[in-house]
Amino acid sequence: MSQISITSPKHCAKKGGVNINNRHKKLFFTFSTFFSGLLLIIFLVWLILHPEKPEFSLTEADIYSLNLTSSSTHLLNSSIQLTLFSKNPNKKVGIYYDKLLVYAAYRGQQITSEASLPPFYQSHEEINLLTAFLQGTELPVAQSFGYQIGRDRSAGKVIIGMKMDGKLRWKIGTWVSGAYRFNVNCLAIVAFGVNMTTPPLASIQGTRCSTTI
């Protein structure tokens with residue numbers, strides 16, 4: 001006597017569901033393996049090339065005006081022109097500068113409004129000249145500002161800081177990284193004697209800046 005096996009439709013549906021789930025798992029495993037391998041390759045390339053941060057140097061700072069509107073209000077009018085060089089030290093990595101904001105500072109307080117520099121791309125080991133004309137109109141400053149400036153003038157020099165805040169992206173071949181924030185700090189020593197009344201007052205020497213990413 002032969003044995004007859006009867007399979008219910010519900011049982012067939014369960015088998016079909018198992019096959020579909022297995023297929024989905026295989027597809028998920030294949031794609032996850034592919035993307036994991038791709039990320040690993042990108043990470044290894046990043047480790048091998050390991051881009052160095054850009055270098056900035058302030059070559060000149062010219063002060064055209066730096067005057068308090070009155071001793072009682074402590075409001076400052078300023079006009080300063082900065083010239084600096086930007087260098088990409090990397091041999092195989094380019095840099096996109098997406099946002100650059102520059103302002104001048106004196107003894108920890110901002111003495112000009114922020115100026116925006118146009119975005120640009122910097123190729124391998126390229127050097128670019130950047131200029132910024134900074135102005136401030138009735139900017140509030142500390143009550144001690146007038147005294148400190150007077151003391152520096154008696155000493156024959158004043159130290160002006162240049163601050164830059166921005167965003168950059170690394171370019172390795174055709175791959176471009178996400179955006180990274182960076183900060184640049186420079187110091188310029190400007191001759192500022194009692195007998196020096198004709199602007200501009202120029203910086204004595206250029207200085208290399210510190211860059212933080």
Side-chain angles (χ1 to χ4, degrees), residues 53-88 95-120 122 127-168 179-213:
K53 57 188 178 183
E55 300 172 357
F56 292 86
S57 57
L58 182 62
T59 60
E60 191 172 357
D62 297 324
I63 300 177
Y64 288 87
S65 65
L66 195 64
N67 304 310
L68 289 171
T69 56
S70 69
S71 58
S72 59
T73 57
H74 306 293
L75 299 177
L76 177 70
N77 291 331
S78 59
S79 178
I80 302 174
Q81 183 169 354
L82 301 175
T83 304
L84 62 155
F85 283 106
S86 170
K87 179 183 178 181
N88 177 9
I95 303 175
Y96 284 105
Y97 295 95
D98 297 325
K99 185 179 181 182
L100 294 172
L101 295 176
V102 186
Y103 64 92
Y106 171 75
R107 293 184 180 269
Q109 54 188 323
Q110 186 171 336
I111 58 173
T112 67
S113 300
E114 291 182 338
S116 179
L117 299 180
F120 67 96
Q122 193 171 49
I127 298 176
N128 297 97
L129 177 66
L130 306 176
T131 58
F133 192 75
L134 310 177
Q135 289 183 303
T137 303
E138 296 188 346
L139 295 177
V141 291
Q143 294 182 3
S144 60
F145 182 88
Y147 168 76
Q148 291 171 336
I149 280 289
R151 189 174 60 178
D152 288 342
R153 187 167 187 171
S154 299
K157 63 181 180 181
V158 61
I159 299 177
I160 298 296
M162 190 282 293
K163 309 286 186 180
M164 179 188 295
D165 300 321
K167 291 182 179 180
L168 62 78
Y180 290 84
R181 291 185 178 274
F182 73 99
N183 307 102
V184 180
N185 292 288
C186 311
L187 292 176
I189 301 175
V190 180
F192 193 46
V194 177
N195 298 324
M196 300 179 67
T197 57
T198 304
L201 306 178
S203 54
I204 299 173
Q205 61 183 17
T207 57
R208 187 168 179 178
C209 310
S210 62
T211 305
T212 305
I213 299 178

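Nothing fancy with the numbering, it's 1 onward along the sequence.
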Show me the side-chain donor-acceptor pairs of residues 131-140 shorter than 3.5 Å, one per line, residues at least two apart or across chains.
none

With a cut-off of 3.5 Å and sequence neighbours excluded, list every side-chain donor-acceptor pair involving residues 58-65.
| unit_1 | atom_1 | unit_2 | atom_2 | d |
| --- | --- | --- | --- | --- |
| T59 | OG1 | T83 | O | 2.9 |
| S65 | OG | S79 | N | 3.2 |

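The shortest distance between side-chain heavy atoms of I111 and I160 falls below 4.5 Å. You'll find the side chain of N88 stays beyond 4.5 Å of the side chain of P54, heavy atoms only. A 4.5 Å side-chain heavy-atom check between I189 and T207 finds every atom pair outside the cut-off. With a 4.5 Å cut-off on side-chain heavy atoms, N185 and K163 count as touching. Counting heavy atoms from C-beta outward, Q122 and L168 have side chains that stay 4.5 Å or more apart. In this structure, the side chains of D165 and R181 stay at 4.5 Å or more apart for every pair of heavy atoms. At a threshold of 4.5 Å between non-hydrogen side-chain atoms, the residues F145 and R107 do not count as touching.
Of all heavy-atom pairs spanning G146 and L68, the tightest one is CA-CD1, 3.9 Å. The two atoms that bring T112 and S78 nearest to each other are CG2-OG, 3.4 Å, heavy atoms only.
Residues satisfying the ring pair (Phe, Tyr, Trp, His ring centres under 6.0 Å) test with F56, not counting sequence neighbours, are none. Evaluation of the ring pair (Phe, Tyr, Trp, His ring centres under 6.0 Å) rule for F120 yields Y97 as partners, not counting sequence neighbours. Considering only residues two or more places apart in sequence or on other chains, R151 meets the salt bridge (charged side-chain N to carboxylate O under 4.0 Å, His left out) condition with none of them. Remark: Y103 engages no residue in a ring pair (Phe, Tyr, Trp, His ring centres under 6.0 Å) (not counting sequence neighbours).
Among K167, M164, K99, the single residue meeting the side chain to side chain contact (heavy atoms under 4.5 Å, CB included) criterion with F182 is M164.
Taking NZ from K157 and OG from S203, the interatomic distance works out to 13.5 Å, rounded to the nearest 0.5 Å. With rounding to the nearest 0.5 angstrom, the CG atom of L130 is 6.0 Å from the CG atom of L117. Rounding to the nearest 0.5 Å gives a distance of 11.0 Å between CG of L76 and OH of Y106. For the atom pair CG (L75) and CG (N67), the distance works out to 13.0 Å, reported to the nearest 0.5 Å.
Not a single donor-acceptor pair under 3.5 Å links the side chain of K53 to the backbone N or O of I213.
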